[in-house]
Chemist: 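First the structure, then my questions, so here it is.
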Amino acid sequence: EDSEIVCFQVRGLGESDWDVDIGADSMLQDALNAVSVFDSMTENIETLFVGYSLGCFVSMQLLSHCWMTNVKCDNVLLVNGMYKSEHMVPRFKLFTSLLGINVQPHLNTCDVPITLLHAQHDTLIYPQESIELHQACRSIGRRCQLIICDGDHNKYRLSDETKSILRQL
């Protein structure tokens, strides 16, 4: 099946040359800009948002603000992501605290189904983050699926069954 893919890195991370006061607001602006590019490339197609690590927060924050765009998201896949940022290495916990990163406020803003994929040996953002996010979704009646796979934060392996589930998103 044909696909259109828009991939982006928020300003101020990686090899970015941008001088930016990085935080939740600038991440939202970057996500909205990326979605506007996607919107200009497509016309009313099924859309899957995918977030990895910090990108999970960016994806959930974007879902909360999709009403500001013409793009309708049908599913979201969050890989090795965070919820309240309580179960992670101390430097990540400090980073997320300073930037105001917390997925919890974005859970009730829409009803897009969530698939959580987390590596069982992730020692940067522990699987407990995804487990608690899954529990929070279930407690409010939001459709959410949790898949624990083999591997760690940066390298994980997907079983044939998991690949099959992901293909259906």
Side-chain angles (χ1 to χ4, degrees), residues 7-10 13 22-32 34-35 46-69 71-159 161-169:
C7 182
F8 74 97
Q9 176 82 5
V10 295
L13 294 180
I22 188 171
D25 291 340
S26 65
M27 287 184 223
L28 176 59
Q29 277 310 115
D30 288 349
L32 289 170
V35 165
E46 287 189 17
T47 307
L48 168 68
F49 289 175
V50 179
Y52 169 75
S53 194
L54 176 61
C56 294
F57 167 75
V58 176
S59 292
M60 290 299 292
Q61 184 184 38
L62 178 59
L63 276 178
S64 292
H65 293 83
C66 263
W67 57 269
M68 299 172 68
T69 74
V71 173
K72 178 188 173 291
C73 181
D74 299 290
N75 281 288
V76 63
L77 171 62
L78 305 178
V79 181
N80 292 341
M82 56 203 62
Y83 173 47
K84 293 182 182 177
S85 303
E86 295 173 349
H87 307 284
M88 56 181 56
V89 294
R91 68 180 184 275
F92 279 23
K93 193 182 279 191
L94 176 62
F95 179 74
T96 58
S97 174
L98 292 172
L99 298 182
I101 295 178
N102 185 344
V103 169
Q104 185 182 24
H106 303 290
L107 288 184
N108 286 317
T109 59
C110 71
D111 63 353
V112 174
I114 299 172
T115 300
L116 305 168
L117 177 65
H118 213 113
Q120 70 181 14
H121 301 293
D122 188 340
T123 57
L124 297 178
I125 300 174
Y126 303 112
Q128 190 63 30
E129 287 287 317
S130 287
I131 291 167
E132 289 181 9
L133 176 53
H134 182 249
Q135 291 168 342
C137 287
R138 291 185 63 176
S139 74
I140 61 170
R142 184 156 185 182
R143 291 173 290 166
C144 185
Q145 177 176 211
L146 173 62
I147 302 167
I148 302 293
C149 65
D150 191 31
D152 59 37
H153 190 75
N154 298 310
K155 186 175 181 181
Y156 41 92
R157 287 166 293 290
L158 305 178
S159 68
E161 179 183 351
T162 297
K163 289 177 190 176
S164 177
I165 292 168
L166 296 179
R167 279 188 200 103
Q168 295 174 28
L169 296 179

Chemist: Mark yes or no for whether D150, through its side chain, and R157, through its backbone, hold a donor-acceptor pair below 3.5 Å.
Modeler: no

Chemist: Can a side-chain donor-acceptor contact be found between H153 and S53 if the only test is distance below 3.5 angstrom?
Modeler: yes

Chemist: Are the aromatic rings of H106 and F57 close, with centres under 6.0 Å apart?
Modeler: yes

Chemist: Do Y52 and N154 meet the criterion of a side-chain donor-acceptor pair at a distance under 3.5 Å?
Modeler: yes

Chemist: Restricting to non-hydrogen atoms, name the atom on H134 and the atom on C144 that form the minimum distance, rounded to 0.1 Å.
Modeler: NE2-O, 3.5 Å

Chemist: Measure across D74 and E46 and return the closest heavy-atom pair with its distance rounded to 0.1 Å.
Modeler: OD2-CA, 3.0 Å

Chemist: Hey, does K84 have a side-chain heavy atom less than 4.5 Å from the side chain of V103?
Modeler: no

Chemist: Identify the heavy atoms of M68 and L32 that sit nearest to each other, and give their distance.
Modeler: CE-CD1, 4.1 Å

Chemist: Atom CG of D25 and atom CG of D30: how far apart are they, to the nearest 0.5 Å?
Modeler: 11.0 Å

Chemist: Can you name the nearest heavy-atom pair linking V112 to C73, along with the distance?
Modeler: CG2-O, 3.4 Å

Chemist: So do V76 and T115 actually touch side chain to side chain, heavy atoms under 4.5 Å?
Modeler: no

Chemist: Which distance, rounded to the nearest 0.5 Å, do you find between the CD of Q120 and the OG of S130?
Modeler: 13.0 Å

Chemist: When rounded to the nearest 0.5 angstrom, what is the spacing between CG in L117 and OH in Y156?
Modeler: 6.5 Å

Chemist: Taking R143 for its side chain and D111 for its backbone only, find out whether a donor-acceptor pair lies under 3.5 Å.
Modeler: yes

Chemist: Just how far is it from atom OG of S85 to atom CD of Q104, taken to the nearest 0.5 Å?
Modeler: 11.0 Å

Chemist: Is the backbone of G55 close enough, under 3.5 Å, to the side chain of S59 for a donor and an acceptor to pair up by distance?
Modeler: yes

Chemist: Answer yes or no: is there a donor N or O on one side and an acceptor on the other, between the side chain of S26 and the main chain of G23, under 3.5 Å?
Modeler: yes

Chemist: Tell me if a side-chain donor or acceptor on S97 pairs with a main-chain N or O of K93 at a distance below 3.5 Å.
Modeler: no

Chemist: Please round to the nearest 0.5 Å and tell me the distance separating atom CG of L78 and atom CG of L146.
Modeler: 11.0 Å

Chemist: With a 4.5 Å limit on heavy-atom distance, are the side chains of N75 and F49 in contact?
Modeler: no

Chemist: How far apart are the C-alpha atoms of L63 and T109, what are their side-chain angles, what is the distance that settles it, and do they pass the side chain to side chain contact (heavy atoms under 4.5 Å, CB included) test?
Modeler: CA-CA 8 Å; L63 276 178; T109 59; 5.5 Å; no

Chemist: Hey, does the side chain of E132 reach the backbone of Y83 with a donor-acceptor pair shorter than 3.5 angstrom?
Modeler: no

Chemist: When you measure from the side chain of E129 to the backbone of H87, do you find a donor-acceptor pair of N or O atoms at a distance under 3.5 Å?
Modeler: yes

Chemist: Which heavy atom of D152 sits nearest to which heavy atom of N80, and what is that distance?
Modeler: O-ND2, 3.7 Å

Chemist: Would you mind reporting whether I131 and Y126 have side-chain heavy atoms less than 4.5 Å apart?
Modeler: no

Chemist: Which heavy atom of C56 sits nearest a heavy atom of G51, and at what distance?
Modeler: SG-O, 3.2 Å

Chemist: Rounded to the nearest 0.5 Å, what separation is found between the CG atom of L158 and the NZ atom of K163?
Modeler: 6.5 Å

Chemist: Going by heavy atoms in the side chains, are L116 and V79 under 4.5 Å from each other?
Modeler: no

Chemist: Any side-chain heavy atom of M88 sitting closer than 4.5 Å to one from L124?
Modeler: no

Chemist: Taking C-beta and beyond as the side chain, do M82 and L133 meet within less than 4.5 Å on heavy atoms?
Modeler: no

Chemist: List the residues meeting side-chain hydrogen bond (donor to acceptor under 3.5 Å, both in side chains) with H121, not counting sequence neighbours, and say none if there are none.
Modeler: none

Chemist: Are any of the side-chain heavy atoms of I125 and H118 separated by less than 4.5 Å?
Modeler: yes

